[in-house]
Amino acid sequence: MKKLMTGDEAVARGAWEAGVRFASAYPGTPSTEILENLVTYDGIQAEWAPNEKVAMESAIGAAIAGVRSMVSMKHVGMNVCADPMFTWAYMGVNGGNLIVTADEPGMYSSQNEQDNRNYAKAAKIAMFEPSDSQECIDMVKAAFDLSEEYDTPAILRMTTRVCHSKSIVETQERKEAAIKDWAPNPAKYVCLPAMSRKMRVKLEERLANLKAYSENSPFNRAEYAQQTAGKKIGVIASGICYHYGREVFGDDASYLKLGFTFPMPADLIKEFCGRMDQVYILEENDPYIEECVRMVAPDAEVFGKNIFPPYGEMTPDVIRKAACGKTLETIDFDHSKLINRAPAFCAGCPHRGLFYRLGKRKDIMISGDIGCYTLAAGKPYQAMDSTVCMGASISLGHGAQKAFDMGNSGRKVVTVIGDSTFFHTGINSLINTVYNGSNTVNIILDNRITGMTGHQENPGTGFTAQGDPTTLIDMEEVVRAIGIKHIKVVNPNDLEAVDAALDEYLALDEPSVIITRWPCVLKKFSQADLDEFEDLFATKDVVDPDKCIGCKKCLSTGCPAMNYHADEKKVVILPSQCVGCDVCAQVCPVGAIGKEA
Amino acid sequence: METKSILLVGVGGQGTILASKILTTGLMEAGYDVKMSEIHGMSQRGGSVSSQVRYGDKVYSPVIEKGAADVVVAFEQMEALRALDYLKKDGVLVVNTQKIDSMSVIIGDEEYPDDVLEEIGKHVEEKAVNAEKIAVELGNGKAANVVLLGTIIKSMGLEDIDWDQILENNIKPRFVELNKKALRAGMEAVS
């Protein structure tokens, strides 16, 4: 059946068609929708794991036990699961196993743009790179067959434009993959040094076989132009860059389209380069293909990172400018008239009250983490001094506190981390803080859901990926069990309560935890939410124009529901946006903001 | 046929995603090759958003080059200006006259200029449409996105596709009649 699908939807579809029975993931843009879509298919145990390492290990277990399994993540998630992944490559599979990484050239929702193709090479794992949604389906299915035939896990490397672009696919029915028998096999599955040394030798044999697969794979193909005169221009590209190249170089150029890129098809590349006068290599981020091309075809006239940028997206305009020296003709206009439109906390966001108050504190360092709350780094809050990766807030804060203490600066560290991020890797960091004894104030922003990636369940919500009730991991109990003696749960919309908790805990010489507990305004509330949180976003705040003195103090809370009317020198709250969180009302110095009657 | 490019721009929450979904579905059912690209994620929290739609006999890139869009439909004035360098020199620009303050404006860091449409008018003959007003008059301001979809259909000459059927298949039954009217009103607004 013909359908329009995003790359993420197509990966899920391909996995279902390939008979996958187990899938695990941690949400992360642009990979989140893969597991979200897998949940909608029958016959697959699809799970949100607390982090990518756990997801990878669960998928390894399922594959060893005999079913086809898949794990999906954003690019930085592969750093988290790298430990099991590298050794898994030694072991080989029983049921097929696919590891999906969604890289982000251009960093639309990420802290870096690492090129995970390097992981395939470093871990010696077969790699596919789809360029559109149909290839996502085809390559996922081919990857599972390859995984079982060559006894190896496989990597599917996507990028944001492949994940989030729609193109037409032809869907098929599911082909059930039988559950294979399991039998104890320590020589294959127990990576003791004595076993691993033998596996290491076998790994090289497997790579030689995969090299032969690469040379003959239908996903690596040369498309020669029907050209008789002029210079012979060749383009070598993988992933979305193949389509970008087609737009810029057209039908007069020849193409070597690479879809299976580890091991590389060196002979195919050599032959292609030998027939061209000039070769352009189109790939985002690192010169991964280029290094191979320059090695196997040292005499070819190659244009790669010497003309193309090693960062950002290689969209057609970027390629055209670098290769042809000009872009298409555009309309010039007065750019000074543009205003900045960066993302901001939603009206009613429970992070607003906390960061509004936290940003006003002096003599602290705020160690941040990955989530919507990272937006607190910007105006008007400017309440974040560091952000590295998932879970880093608490442990980075611990190290910083130790260092501040050495200098007797008196500076205290406050760490902020979301609920899902706490369960991801923050939990280990908090253990370290207690064990090694620093007196940081650690704030867990419990908005009852994984917010930024679009509302996925996590261990603290009480529901599985399918929305079925499950054991809720009680954050407060976990924190207490770790050994934190000072714990407060506060409503972040109550500014006095936020201040009181900060005052008390910043004065302690022991570590403490403040849990700010209020649901994300965009969440679909559960019955438990409605029972726990009174008047949950059920009211609206209004400005009394007779009382408003136009001081704009309420605007400094950074709420998108507020507008300043310069003519009347009054603030107006947009009823279509306000959800009655009352943060602005507590900030108003003249009591001009109250509840709508 | 040569590949055609349509760019929809707006502010997170304005309904560009639904409009582009209906548009691409219609194009596919009419037999075109279609590709569409969107950036999801952090920008949806009140940031600038865009949907890029390309169709023809064979489409390669889902991404539109600067200077290559046949039609740009902006759901908000400032986003129209921001997207101006994507428009072909002889392309069609439809601007919804709505203005949405960004956070930098709300907190007083920047002022929203009051001559955005004038600046655009210096370079192209834009078609200004008050989609929200049209939608409110039809009964629900939220149908503004489908009004704007109607302007695309008219501007690209895609009236022959059975849009009523596609709306019926993709929209909750109680909103179908409203959206059929909104689509027609959008087409008329740029006739």
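A, B, ... follow the sequence lines: proteins, then strands. Residue 1 opens every chain.
Both the backbone and the side chain of B/Met78 have a heavy atom closer than 4.5 Å to some heavy atom of chain A. The part of B/Asp109 that comes within reach of chain A is its side chain, from C-beta onward, which places non-hydrogen atoms under 4.5 angstrom from that chain. Residue B/Val53: no heavy atom, backbone or side chain, is found under 4.5 Å from chain A. With a 4.5 Å cut-off on non-hydrogen atoms, A/Pro380 touches chain B through its backbone and its side chain both.
With 3.5 Å as the limit, one finds no donor-acceptor pair spanning the side chains of A/Arg246 and B/Ser61.
Across A/Thr330, A/Thr453, A/Val248, A/Val318, the residue that shares the most heavy-atom pairs under 4.5 angstrom with chain B is A/Thr330.
The backbone N or O of B/Lys66 lies less than 3.5 Å from a partner atom in the side chain of A/Asp317, making a donor-acceptor pair. Judged purely by atom type and a 3.5 angstrom limit, B/Glu110 uses its side chain to pair as donor or acceptor with the backbone of A/Asn340.
By a heavy-atom distance cut of under 4.5 Å, not one residue of residues 179-191 of chain B is near chain A. Chain A is approached within less than 4.5 Å, heavy atom to heavy atom, by B/Lys21, B/Thr24, B/Thr25, B/Met28, B/Tyr32 from residues 20-32 of chain B, ordered by number. Residues of residues 113-134 of chain B that come closer than 4.5 Å to chain A, counting heavy atoms only, are B/Pro113, B/Asp115, B/Glu119, B/His123, B/Val124, ordered by residue number.
Not counting sequence neighbours, the partners of A/Arg341 by the salt bridge (charged side-chain N to carboxylate O under 4.0 Å, His left out) test are B/Glu76, B/Glu79.
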